[in-house]
Amino acid sequence: RADLDRSRVFTSSEALRKVPGVTVRDEEGVGLRPNIGIRGLNPTRSSKVLLLEDGLPVTYAPYGDNASYYHPPIERFERIEVLKGSSQIAYGPVTLGGVVNYITPDAPNRTALSVDLTAGNRDYLNGGASVGGRWRHAGLFGHAVRKQSDGSRENIESALTDVIVKSTWNIGVTHYLTAKANYYGEDSQVGYSGLRETEYQSNPRQNPFANDHFDGRRFGASASYQALLWSRVAATVQAYGSSFSRDWWRQSSNSSQRPNDASDPLCGGMANLNSTCGNEGRLRDYSHGGIEARGRLMSGGGVAQETDFGARFHSERQHRRQENGATPVARAGVLVEHNERTTDARSAFVQHRMMTGRWTVTPGVRVEHISYSRTNRLIAVSGTTHVTEIVPGLGVSFGPSPAVTLFGGVHRGFAPPRAEDIINNANGGAIDLDPERSWNYEGGIRARAGQVQGSVTAFRLDYSNQIVPASVAGGVGAALTNGGETLHQGIEAGAHAEWRALGGTRHGAYASAAVTWLPVARFEGLRTSGVSGFTTVSVSGNRLPYSPELSHTFTLGYRHANGFDLNIESQHVGPQFGDDLNTVAPTADGQRGRIDAYTYWNATASAPILRTPGRLFVAVKNLTDRTFIIDRVRGILPGHPRLIHFGTSWRF
């Protein structure tokens, strides 16, 4: 939390860029739908990353559709964990690049109240408050936030409300109960389509889709029982569930090939976009729930040992409708899709940790069994299928000294296919779309010397099958295919240093760095592009889309003993390709072409309000107001413009 407050991050995207190996692509400029990638995996919709909150799934369908159209605000969390390597197999089902686990605060030991208020340009407002405390054997924490902003371009107004309540009870000394509930509501004008090349050149902040609208509501709850049953046996049982409903009305795209698009005569080649051209209502209701039990057995002796094990029963339901409206402002229309999808999963894992001398060896295995069903209610066709996968892993560490740790590991990377990609919508038959599979390797060193600590990790993700769009340039409408063999190889490094009293004075400094170098991210084996008209073009050896070779975040800060803090941060993303053909020159629709490297700067200053529990701060994002392209998947999207935030925080 201290690191997040110090730089006044206003989205989870900004926070995660501080982690080596993680790349995050913005979409609308305010972090509503971050696109998170780890170790060169495509960040689109964060579908190749497992997102958790307090160890439980965040996405609405982690087994049947792991895309992230909802993401909780960063203000909800106390800290963030990013797990990579073989430790992922204790979670699942996605064990590809890494796990992002957001941790919510526990009740404070004494009654506390906090209030945060921030305002800035582009109509940015952010107000939040939390209260909590402990009374005898119970603790209570509650937090609420309201955020609104105009986003990174025109017609992207958004507002969200997020509320969380968390309570804990101590039952004796070794038994604990925790209950949590949260509500998230979003009312935004965020759309789906980007700009054509000519539109971007004339005005990169424009957005012709003035009638897009997203309305989303999510309710979630969980209950956890933790116990130390005997001196060497610990157990946790968690029950969880959520419901997510969203109505997303999207105007016809000027760069895709869907009904109501530019080929529709009512659109007149998009000339009548906001008059007679129709729109599409993607109306979705999701629910999921499950129960998970975990345990740990500990033993001593000459070889200290720990065994972690667990099992999960999980169920998901998707109710999907699409209505095509006749006008840009319609909120009802002709029903063109009506699908019911269910996914039921059973999983179990065991990891055994052996510690002797300076060595720790941790073998483990996870088993996933997933059952799918899909019903097309428009034509009364149903289908079922299932997937079973064994996911092994091994981690080893060696500590030659208390300040140095060498580590390495290998594990199976796995991600199940979506329900819509494994069962045919027309006849209910199984589609030949395999799970994503890889062998992932890593080795590195962690070290600490005085006030400096850091780590360097080399990694290799060797895919036998990576699921990719038939053409990444085809945008959201492109079918997914077995991408076949791909290879990711690189090095990630992170370091942090604190000097609290330079030369014995009241002045201090700090610095941090997160660097990801990915020299290899390519298609291997026999792979041809699915772009219409290029079906015989080989892309073997081509670089994978949205996998920059170099990205880094550097921070340098100054701190005074009176509480004044000033820091400046640079964030850099290297050049990348927008499609599997590695097209360099931009195409007219904006969906293909090289995305140039960009670097932007952030600065933050904060100071205490004398003799009060308050602080004042100012944060400037994209200090030089640089304009750059971040995405071409559905047309060009620009990065956020210069944002200036003023605020105050109070702790009582």
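Starting from 1, each residue takes its place in the sequence as its number. For clarity, every value in this text was computed on a predicted model and none was experimentally measured.
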Indicate whether any N or O donor in one side chain lies under 3.5 Å from an N or O acceptor in the other, for [X] and [Y].
| X | Y | result |
| --- | --- | --- |
| Glu154 | Asn207 | no |
| Ser438 | Asp462 | no |
| Gln88 | Asn440 | no |
| Arg374 | Asn425 | yes |
| Asn35 | Glu27 | yes |
| His572 | Thr599 | yes |
| Gln206 | Ser202 | yes |
| Ser47 | Asn66 | no |

For [X], what residues pass the side-chain contact (heavy atoms from CB on, under 4.5 Å) criterion, not counting sequence neighbours?
| X | answer |
| --- | --- |
| Val334 | Val336 |
| Glu197 | Gln201, Pro586, Arg632, Ile636 |
| Ser547 | Leu518, Ala521, Arg543, Leu544 |
| Asn602 | Glu14, Glu569, Gln571, Tyr600, Lys621 |

Among all residues two or more places apart in sequence or in another chain, which pass the side chain to side chain donor-acceptor pair (under 3.5 Å) test with [X]?
| X | value |
| --- | --- |
| Trp517 | Glu549 |
| Ser455 | none |
| Thr624 | none |
| Tyr184 | Glu186 |

With sequence neighbours excluded, residues passing ring pair (Phe, Tyr, Trp, His ring centres under 6.0 Å) with [X]:
| X | value |
| --- | --- |
| His213 | none |
| Tyr60 | Phe244, Tyr286 |
| His71 | Tyr102 |
| Phe646 | none |

[X] and [Y]: which non-hydrogen atoms are nearest, and at how many Å?
| X | Y | result |
| --- | --- | --- |
| Ser158 | Leu32 | CB-CD1, 3.7 Å |
| Val49 | Gly98 | CG1-O, 3.6 Å |
| Pro417 | Ile422 | CG-CD1, 3.6 Å |
| Ala493 | Val456 | CB-CG2, 4.1 Å |
| Asn274 | Pro208 | ND2-O, 3.1 Å |

Measuring only between side-chain heavy atoms, which start at C-beta, is [X] closer than 4.5 Å to [Y]?
| X | Y | value |
| --- | --- | --- |
| Leu160 | Pro73 | yes |
| Arg282 | Arg246 | yes |
| Val515 | Leu550 | yes |
| Pro545 | Asp579 | no |
| Glu337 | Arg321 | no |
| Pro638 | Tyr200 | yes |

Worksheet entry | Gln322/Asn324 under side chain to side chain donor-acceptor pair (under 3.5 Å): CA gap, chis, key distance, verdict | CA-CA 7 Å; Gln322 179 176 329; Asn324 284 356; 3.0 Å; yes

Is [X] reaching over with its side chain to a backbone N or O of [Y], donor-acceptor style, under 3.5 angstrom?
| X | Y | value |
| --- | --- | --- |
| Asn121 | Ile644 | yes |
| Lys147 | Phe10 | yes |
| Asn279 | Pro328 | yes |
| Asn622 | Arg626 | yes |
| Thr95 | Phe414 | yes |
| Asp212 | Gln251 | yes |

Could you tell me whether [X] and [Y] have a side-chain N and a carboxylate O separated by less than 4.0 Å?
| X | Y | value |
| --- | --- | --- |
| Asp187 | Arg217 | no |
| Lys48 | Glu436 | yes |
| Glu442 | Lys84 | no |
| Arg341 | Glu420 | yes |
| Asp162 | Arg76 | yes |

Discussion item. Suppose we call two aromatic rings close when their centres sit under 6.0 Å apart. Are Tyr124 and His645 close by that rule?
Written reply: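 That pair passes the under 6.0 Å test.
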
Practice prompt. Step through it carefully: locate the ring centre of Phe459, locate the ring centre of His488, and say whether they are under 6.0 Å apart.
Written response: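 No, ring centres 6.0 Å or more apart.
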
Practice prompt. Verify side-chain contact (heavy atoms from CB on, under 4.5 Å) between Arg153 and Leu637, making sure each step is shown before the conclusion.
Written response: CA-CA 9 Å; Arg153 53 189 182 134; Leu637 294 181; 3.4 Å; yes

Item to complete: Go through Asn126 and Glu75 one step at a time and tell me if the side chain to side chain donor-acceptor pair (under 3.5 Å) criterion holds.
Response: CA-CA 10 Å; Asn126 185 344; Glu75 290 83 2; 2.9 Å; yes

Item to complete: On the 0 to 90° scale, with breaks at 30° and 60°, tag the Phe214-Trp248 ring pair as parallel, tilted or perpendicular.
Response: perpendicular

Item to complete: Classify the ring geometry between Tyr192 and Tyr69 as parallel (under 30°), tilted (30 to 60°) or perpendicular (over 60°).
Response: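 Aromatic pair Tyr192/Tyr69 classed parallel.
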
Worksheet item: Taking the six-membered ring of Tyr546, is NZ or CZ of Arg25 closer than 6.0 Å to its centre and within 45° of its axis?
Response: yes

